[in-house]
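Read the structure below first, then the notes.
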Amino acid sequence: MIKKLNARNIDAKECFYGHKACGGCGESLALRLALKVLGEEAYLSLPAGCMAAVSFIYPNMAFKNNAVITPFASTAAVATGIAAGLEALGKEAPLSVGFAGDGGTADIGIQSLSGAIDRGEKFIYICTDNEAYMNTGIQKSGLTPFGAATTTTPAGKAIHGCVTEKKNMFEIAAAHGISYAATASIGYPEDFLNKVQKAKECDGPAYIHIYTPCPTGWGHGSEITVDLAKEVVDTGLWFLAEYENGEFRLNKKPENFKPVADHLKRQARFRHLSEIEITQIEEMRDRKWEKMLKNWG
Amino acid sequence: MSEFAFLNGNEAVAWGVRLSRPHVIAAYPITPQTKAVEKLSSFVQNGEMDCKYLHVESEHSAMACSIGSSSVGARTFTATSSQGLLYMSEGLPYASGARLPIVMMNANRSIATPWNIYGDQMDAMHVLNSGWVQLFVEDAQEALDMVIQSFKLAENHDILTPVMINVDGFVLTHTYEKVEIPGQELVDSFLPAIEKAPHLMNDQDPMSLCISAGNQHYMEFKIKQHRDMFKVFEQLESIDRDFEKSFGRSHGGAAAGYRNEDADVILVTTGSVTGTARVVVDSLREQGIKAGLVKLRLLRPFPSDDLFELIGKAGAVGILDKNISFGFEGTVYTNVNSSLLQKGYRGRTFNFIAGLGGRDITKENIEEMFSALLEQKGETVQYFNMGCAL
Amino acid sequence: MKDFKMSPRPLWKSLSDVPMGSSCSSFHICDTNAAWRVFRPVMDYSLCIGCHQCYLLCPDGAIHKEDAKVFRIDYDFCKGCGICANQCKPGAISMVKEDQV
Ligand SMILES: Cc1ncc(C[n+]2csc(CCOP(=O)(O)OP(=O)(O)O)c2C)c(N)n1
Ligand code: SF4
Ligand code: SF4
Ligand code: SF4
Ligand SMILES: [Mg+2]
């Protein structure tokens, strides 16, 4: 039996320190927590994006681990190259992990991620989703939600923010028949820790998609990053699920959803939304849940 | 024990790779490189090579996987051509900036559009500034031998620079020649296991790679890389001398002259066309014309000193380019002309553009080039074997 | 727990001092982040119930667990984001303006 991880029994050592992320950055918390489980032996690949930009600014290197910035599109390719190299050099059970943003995953990196999952070699891919291209100044990505204002989908007079919904990246990863996939949120940190542990233990490729608020890009106070990440699950706008042995499973089925409007209004990116648009968001949520409950319930 | 076989250029490269015992190969198929990667995969699938072959989904990932495996110290090979080289081009300066000793075959081919699968050197010129050693070979034997030499060069701790071996598409990749395949033991003693460079990732002293450096640091990183590149000349020569001792064959250094010493006119070539040009030089010599040839083996680093020494005394020099930098001239010409000028060369220089998209470069064409040189007639930039008037 | 020694900023006299490749030792840290802070989290140990939440949720790992009950803030690297104070149920952490500390 693998020991369940919690705040008390995780490794007290920090492998990610002194980075230059904004105060209250959700992505940096996800990386820090993941490394508590992955340990200092893991080889890390990070593409262009906030986490690479804040962790490797010569002469300040924020990772304890071996780590590399990859070309933006190439997280999974570099990570599997590292795994292949280490294995060919005779290292036993090498652990190679990619951490990429939503843009680096669902847009420019989706091809190399698909190729790498398809090759079936063991590696872990963690997508830290802050729902926009933050490092270049908050532009829309394929994971920007409906209604969100970004610098390329501003709340204009004619069009009020992003008109598309999030890509189903978790389902896309799972559809490869991947060994393990999960969604998570830094609002449920212990759930995340244990999912990382599962990914570490599994034999083939593993994908974890974690929701990570960004105070700078979303326009919220830095102290409520974790609150928002919990609320988003409680409102049903994000979900905690796993894909294992070919089956989907919902980890949390809320009886009642918390009100969406209050949650959205805490973030500047949604403040322009009309009541009708907020109702539209609730309808999208309900459709998604209907499907998830029917298919994975 | 070495053996002789009839191999095309692709197969010769594949044999060179096999004998070099890489840990990882990551490659994606593209004409005219396909036979090389097919051969390598069959070596792996038959258990004749102990190596991880990564079936990547694109050239971009072929280079990215190579960057990954090379950054942990694994000997790594990839191969591509044309559109594939351009597609992976983001990764090229990435790898050289990180000082990763990756070796790659590039089967030289034209660039779309129009689409065309045949050989010219437009692809290599696109990435001339990528920080890779750019080597051009003349025949299948040189291709095989240079794979082995290139690993030794790239992995040398003073060099630590990736090497691109340019092999002319079809003319070399698909033409069969008698090739000597050296014995594995001999290759093993010439090219021992890779010695991991200290700046790469390792368990004892974890490293951060491909980092960012601000304007107060970036320039020194790049100038160091630039200065180190010049060390290639000496290393290549010394590697070739050792190679000759082990294998009884030499391919020379950065540039090689042929009947150039007393030549009035000299043609500068890269790659397979050198063979044709050599035949023309011989026949001109028989007619009493003092024609000579210089084969450029390295375009990066660029052997300015060698060139001036080989060419300096000739009255006119022509540079054959199988590429154009649109709105200017052939790229080899730009390089040769600039370096000769720096050295104080006083003769005239001509640029002969030929062979684009696999257009033949005939003996007659090369004779015409020499007569342009002898008479010093015509424009500086001239086109050969055109099907219509300009 | 942070687990490195601060490194001096490298001084380059010649190119031979410049690192090979675009590389640097990992956990090579020269600069602190203390100057980023506007508010400083201050712990009242008498109110702390040892729930571990502040330690778990600090994005900078700046709250060190000394033993199961003692948590200490590394003010060299705390950015003053306020997550710890916001998550501390018993209210053992308060955010105090830096110039009023
Ligand atoms: C090939 C390429 N295209 C574009 C960029 C510019 N770029 C760097 S980071 C980035 C956005 C990253 O967004 P995301 O992956 O969501 O990560 P985040 O910054 O939000 O953490 C972009 C567009 C790049 N570095 N490389
Ligand atoms: S912009 Fe957002 S994602 Fe980027 S470092 Fe700041 S808080 Fe983190
Ligand atoms: S969150 Fe508050 S109560 Fe819990 S350990 Fe931290 S200071 Fe103590
Ligand atoms: S204020 Fe933020 S950075 Fe400082 S200790 Fe608390 S959570 Fe960490
Ligand atoms: Mg993002």
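Here the structure is a predicted model, which means the values were calculated and not measured.
The most heavy-atom pairs under 4.5 Å with chain A, out of B/D50, B/L200, B/V24, come from B/V24. When B/A62, B/S66, B/A74 are compared by the number of non-hydrogen pairs under 4.5 Å with chain A, B/A74 comes out ahead. Between chain B and the residues A/F63, A/Y43, A/F72, the most heavy-atom pairs under 4.5 angstrom are made by A/Y43.
Side-chain contact between A/S74 and B/M63 is absent, with no heavy-atom pair separated by less than 4.5 Å.
Annotation for B/D205: atom CG counts as buried by contact number, over 12 foreign heavy atoms lying within 6.0 Å. Annotation for A/K166: atom NZ counts as buried by contact number, over 12 foreign heavy atoms lying within 6.0 Å. Within 6.0 Å of the CD atom in B/E48, the count of heavy atoms belonging to other residues, nucleotides or ligands exceeds 12.
Residue A/E40 does not touch chain B at all, counting heavy-atom pairs closer than 4.5 Å. Only the side chain of A/K91 comes within contact range of chain B, judged by heavy atoms closer than 4.5 Å. With a 4.5 angstrom heavy-atom cutoff, B/Y218 does not touch chain A via any of its atoms.
What you find for A/I69 and B/Y94 is that their closest heavy atoms are O-OH, 2.5 Å. In terms of heavy atoms, B/S71 sits closest to A/I82 at OG-CG1, 4.5 Å. Heavy-atom minimum distance, B/S58 versus A/Q111: CB-NE2, 3.0 Å. Between A/F56 and B/I211, the closest heavy-atom pair is O-CB, 3.6 Å. Across every non-hydrogen atom of B/L54 and A/A84, the tightest pair is CD1-CB, 3.9 Å. Across all their heavy atoms, B/M201 and A/A67 have their closest contact at SD-N, 3.8 Å.
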Stepwise side-chain contact (heavy atoms from CB on, under 4.5 Å) check, A/T70 with B/C210:
CA-CA 7 Å; A/T70 78; B/C210 304; over 6 Å; no

Trace of the side-chain contact (heavy atoms from CB on, under 4.5 Å) decision for A/E121 with B/K52
CA-CA 11 Å; A/E121 309 268 347; B/K52 284 228 127 212; 3.1 Å; yes

Could you check A/N66 against B/L209 for side-chain contact (heavy atoms from CB on, under 4.5 Å), going step by step and ending with a plain yes or no?
CA-CA 8 Å; A/N66 283 294; B/L209 258 60; over 6 Å; no

Check the pair A/R119, B/C65 against side-chain contact (heavy atoms from CB on, under 4.5 Å), reporting the backbone distance first and the verdict last.
CA-CA 12 Å; A/R119 285 193 292 279; B/C65 281; 3.8 Å; yes

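A distance of 11.5 Å separates CG in A/L89 from CG in B/N202, rounded to the nearest 0.5 Å. Here the straight-line distance linking atom OG of B/S208 with atom CD1 of A/I57 works out to 12.0 Å at 0.5 Å rounding. In this structure, B/Q216 CD and A/Y58 OH are separated by 10.5 Å, a value rounded to the nearest 0.5 Å. The NE2 atom of B/H55 lies 10.5 Å from the CG atom of A/D118; values are rounded to the nearest 0.5 Å.
Residues B/E57 and A/S114 have side chains that never bring a donor and an acceptor to within less than 3.5 angstrom of each other.
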